[in-house]
There are 2 protein chains.
Amino acid sequence: MNIKIEKEMDVISNPKKGSEEIIISKIRELIVSKQLEPGDKLPAERILAEKLGVSRNQLRQAIQRLEFYGLVKKYPQSGTRVSNIGVTALNGMMTDILQLQEPDFKSLVETRLILETNAVRLAATRRSDEHLRQIQAAHEAYSEKAINGLNAVEEDLMFHLKLSEASGNSVINSLMLVITPEIITRFVANKVCNKDENHLLIKEHQSIIDAIIDKDPDRAVAKLEEHFKDLYKFCYD
Amino acid sequence: MNIKIEKEMDVISNPKKGSEEIIISKIRELIVSKQLEPGDKLPAERILAEKLGVSRNQLRQAIQRLEFYGLVKKYPQSGTRVSNIGVTALNGMMTDILQLQEPDFKSLVETRLILETNAVRLAATRRSDEHLRQIQAAHEAYSEKAINGLNAVEEDLMFHLKLSEASGNSVINSLMLVITPEIITRFVANKVCNKDENHLLIKEHQSIIDAIIDKDPDRAVAKLEEHFKDLYKFCYD
DNA sequence: TGATTTTAACTGGTTGACCAATCTGGTTAA
DNA sequence: TTAACCAGATTGGTCAACCAGTTAAAATCA
């Protein structure tokens, strides 16, 4: 459809994102100065925007971010409420949000290891037959490409996502979804593929599946860690 | 400032959120039908909106969600690109996103246990002096209220967030921030407070801190699990 | 007086027009 | 031939006016 981009584009560090953070910071000040209390309704968007000296759109975007973190909840046609979790908590969490940094790759991988290890442990005890079926299907899609020495990073990814789905924990699954694309895009570039290594990886996948079929959490985790030994090396050497 | 809400408002299951998901679904179809390929620039918002038969705002909101999951990246005044992670991955992840359900409380707590356990393990080896100072400060703020039998749920929360900050893993910290408010709001209602129990909790906090000071990961985790024994019971009985 | 209906103001959401940055292709000058 | 440049078209971002649902005070009636 269009020309493919070859090299990673320079990551622009959102120079205008700053206004959003300034607004959050101002809302935090309203809270600590008791002009706004937990459980209160926020002033109407138009009014608050004028009070803070920003446009309504900018304010809405900031509120959207606060809502994502659960610090505020919108009620359409009615108002927006500050979560009733106390001044200390609100102040602390807003401060933390403002300090959030771009995730470094090592943290991403480390977190994936943690989440997926626990997901697999849970999957080994909770998996339904439908989960198993989907895992198997994903594994077959992977094998088909990998066995021919093709790059199967995507199919590998899908296999692992199906594992975390089988954990039966919707939050873990959701968090995996958030961090996976970032990991993939950084991995896909450097990925080398040779048939021999792929055969080994297929075997490792199958070992994990077998452990889940047998409902053996410890073995499933052990096999996963074996499968991830390179990632562990990347994180901890 | 305003009247406090006493009882939980009925959770409205976002009846209009549907349009967003329909749009994502349509974009996914464009991708699987090869009309749109990984790495491509999306058609301009106005054009795509018309093509999909939706308003530009609705489309923008859907794109924003895709961007959150890293499946798309916007370049201001230039265009929006589909992440270059393959058709299979894009299709699979969009399907997963559309299937995401509201998190159940048990999954939230279970995930918190997993994240925080690992955060503390990391904190025990990586913590800086500044981290320690902040943890201590948060603990003192907690103690001061708890020792008088006051409700100190917020201060407790802040203490635990400082623990995960000390992990040195920005992703874990960020994920903890996302799930914590939801947990708090559901916990804060049922929380009972008595001095004796609070004294015990203070001691438990101090044990965790001591282990982190000593850079003893295993002890830190053990003390945390002891501290969380009620939560474990909640999850697994 | 009290319950019920009406109504007007107020809310977040939506819309279409406008803005400034950027990309594109052809043109010009070295 | 090549590099610099300029103008117009295209982009996502922004804004102010408008919409539909909600709310609560005011008006009405039994």
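As a basis for the values below, the full set of heavy atoms in this structure was taken, side chains included, without hydrogen atoms, waters or symmetry mates. Just so it is clear, the model here is predicted, and its values are computed rather than measured. Letters go in sequence order (proteins before strands), and every chain restarts at 1.
Following rounding to the nearest Å, A:Arg81 (CZ) and D:dT22 (P) show an atom-to-atom distance of 15 Å. Taking atom OH of residue B:Tyr75 and atom P of nucleotide D:dT11, one finds them 17 Å apart after rounding to whole Å. In this entry the distance linking CG of A:Asn57 with P of D:dA17 reads 13 Å, nearest Å. Protein atom CG of B:Leu59 is 14 Å distant from nucleotide atom C1' of C:dT14, rounded to whole Å. The CD-C1' distance, from B:Glu50 to D:dT10, rounds to 16 Å in whole Å. Distance A:Ile47 CD1 to C:dA9 P: 15 Å, rounded to the nearest Å. Atom pair A:Lys41:NZ and D:dT22:C1' shows a separation of 9 Å (rounding to whole Å applied). Rounded to whole Å, atom P of D:dG13 lies 13 Å from atom CD of A:Gln64.
Here D:dC19 is the nucleotide among D:dA20, C:dC19, D:dC19 with the atom lying nearest to any side-chain atom of A:Arg46. In this structure, of C:dT14, C:dG12, C:dT15, it is C:dT14 that holds the atom nearest to the side chain of B:Gln61. Here C:dT15 is the nucleotide among D:dC15, D:dA20, C:dT15 with the atom lying nearest to any side-chain atom of B:Gln58. The side chain of A:Glu45 approaches C:dG13 more closely than any other nucleotide in the set C:dG13, D:dT14, C:dA20.
Here B:Ser78 reaches the OP1 or OP2 of C:dC23: one of its side-chain N or O atoms lies under 4.0 Å away. At the phosphate of D:dT14, neither OP1 nor OP2 sits under 4.0 Å from any side-chain N or O atom of A:Ser55. Contact annotation: A:Arg60 reaches the phosphate of C:dG13 (side-chain N/O to OP1 or OP2, under 4.0 Å). Between C:dG13 and A:Lys74, a contact under 4.0 Å exists linking OP1 or OP2 to a side-chain N or O.
The existence of a salt bridge linking A:Glu29 and A:Lys26 is excluded, since no basic side-chain nitrogen approaches an acidic carboxylate oxygen closer than 4.0 Å.
Inspection of the A:Arg28 and A:Thr95 side chains reveals an N or O donor paired with an N or O acceptor under 3.5 Å. A:Asn173 and A:Ser170 share no side-chain donor-acceptor pair at under 3.5 Å.
Both A:Arg56 and A:Gln77 lie close to DNA chain D; mapped to their nearest nucleotides by heavy-atom distance, the more 5′-ward contact belongs to A:Arg56.
Geometric assessment of A:Lys145 against the ring of A:Tyr142 yields a negative cation-pi assignment under the 6.0 Å and 45° thresholds.
Taking the six-membered ring wherever Trp is involved, the centroid distance between the rings of B:His160 and B:Phe228 falls below 6.0 Å.
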